[in-house]
Amino acid sequence: MKTDARQGKFTIRPGSQLHGTLTVPGDKSISHRAVMLAAIAQGASNIRNWLAAGDTEATLGAMRDLGAQIEVHDESTLTIAGGPLRPSPEPLNLMNAGTGIRLLAGIMVGQPFSSVLDGSEQLRRRPMKRITEPLTQMGADIQSTDGCCPLTIRTAPLKGTRYDMPVASGQVKSAVLLAGLFADSPTTVTQPGPARDHTERMLRAMGVKIDQEDQEDQAGNCLTLHPNGRLDPLDITVPGDPSSAAFPLVAGLLVPGSQLTIAGVDLNPTRIGLLDVLAEMGADFVISNRSTQAGEPVGDIQVKSSALSGVEIGGETVVRMIDEFPILMVAATQAEGETIVRDARELRVKETDRIAVMAAELRKLGAVIEEREDGFRIVGPQSLTGGRVDGHDDHRIAMSLTIAGLLAAEGAIVTDAACAGDSFPGFAETLMNCGAMLLPE
Ligand code: S3P
């Protein structure tokens, strides 16, 4: 039974080696997209290994409120009938899901009815101008609440446009492309770097023509979507989430005497900046069993505990590992020498300000972290002492601190840890099955 989604506290003891083969749940980005796209496709879609977690369940609930016929066979196997959506009598509640609200806004601006998109107090603090601006440029009638949600959308005709994204963002790119499905002419988006491309891959598999050209010296960073008024249904098995794999991966590297295999992980190049960075830091891992699943490259990652050295990260690598900086911070405390991260200001507007929150919480475990406006500097190796830290209702913070607890001399207690279930249900059990001494309560 997956208990940690309902538990608020993890007690972690150090000193255990991690061994074995594990899998991680289905990819969160693909799971959000699969439910939304299947719901507006023409025909029945089958989705296997779907991520049944806090964030994606919020998207599923919103699509149900919009009239989508969704059959859940077991919690991760779905059949979605597909067809026109209908108005929801209540505001759509995307809870903590930033991807859920931003992508769904792209679909809702194209509907022949009004809608209100809202979420948790945490989601209400996150910036929405990044999507309302380009969608308004396309003709959408979308009003935010002081730049945040609730978002109120009224029906309006959409025209194709060209939008040059100021910051590389998979969510912004996707919102614009999804709105482009409902526009009267092609929509072009340019990105300053390679943001995750699952939306393009899935839309192409559903019969939508998307051209990709080079943008100045950036290969393939100019996309043009040609709306054709229909989407073929999906039939996919969602690969394992590389952002979830990052936690056991880094644990396997840092906990002495460990050896782990993480099977069936999505290895999309737009998602695996962390693997490139860890390789540069001297991590001992190999990738085997490469194949293609759901139009994505996948493989198994075998990792052994390794002596790491510090690294400098900036530029386009940042967007390819944007969700992995909390766990990278933990790795940096154990690496020999200086780790410096630049160009990562986006971390300040995730579920929490991940630079400030990770720095503050790791300090409670005895770490020394230099916080910078657009990143951080950490000089290691550092010995972590231990203590009580808080997950701040941010899944990636809670899970990163849990891994830090495995390394701390006196272990750690992570409070407000239930949020791990927003992206990785069974996180605690997965680690425990590999030998971690961890008590979820
Ligand atoms: C996501 C894109 C990223 C990422 C988020 C998921 C997506 O956000 O941080 O967890 O599924 O498109 P940004 O697009 O805001 O960088």
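Numbering of ligands and ligand atoms starts at 1, following listing order.
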*Which protein heavy atom lies closest to atom 6 (C) of ligand 1, and at what distance to 0.1 Å?*
T99 OG1, 3.2 Å
*Are T77 and D74 close enough that a side-chain donor and a side-chain acceptor fall under 3.5 Å?*
yes
*Can you check whether V172's main-chain N or O pairs, donor with acceptor, with R130's side chain at less than 3.5 Å?*
no
_Check this for me: does any side-chain nitrogen of one of K28 and D55 sit under 4.0 Å from a carboxylate oxygen of the other?_
yes
_Heavy-atom nearest neighbour in the protein, as seen from atom 14 (O) of ligand 1, with distance rounded to 0.1 Å_ = S169 OG, 2.7 Å
*asked:* Can you report which non-hydrogen protein atom sits closest to atom 10 (O) of ligand 1, along with the distance?
replied: D323 OD2, 2.8 Å
_Counting C-beta onward and ignoring hydrogens, is there a side-chain heavy-atom pair between I413 and K9 closer than 4.5 Å?_
yes
*Has ligand 1 got any nitrogen or oxygen that is less than 3.5 angstrom from a nitrogen or oxygen of S174?*
no
*Can you tell me if R33 has a non-hydrogen atom under 4.0 Å from ligand 1?*
yes
*Could you list which atoms of ligand 1 come closer than 4.0 Å to a heavy atom of I322?*
9 (O)
*Looking just at side-chain N and O atoms, do R271 and S243 make a donor-acceptor pair shorter than 3.5 Å?*
yes
_If we count only N and O atoms by modelled type, under 3.5 Å, do the side chains of D65 and S88 hold a donor and an acceptor together?_
no
*Give the numbers and elements of all ligand 1 atoms closer than 4.0 Å to a heavy atom of G170.*
12 (O), 14 (O)
_Just by distance, no angles: are the side chains of N93 and D118 close enough, under 3.5 Å, to form a donor-acceptor pair?_
no
*So between E346, R196, R102, K350, whose heavy atom ends up nearest atom 13 (P) of ligand 1?*
K350
*Purely on distance, is any nitrogen or oxygen of S29 under 3.5 Å from one on ligand 1?*
yes
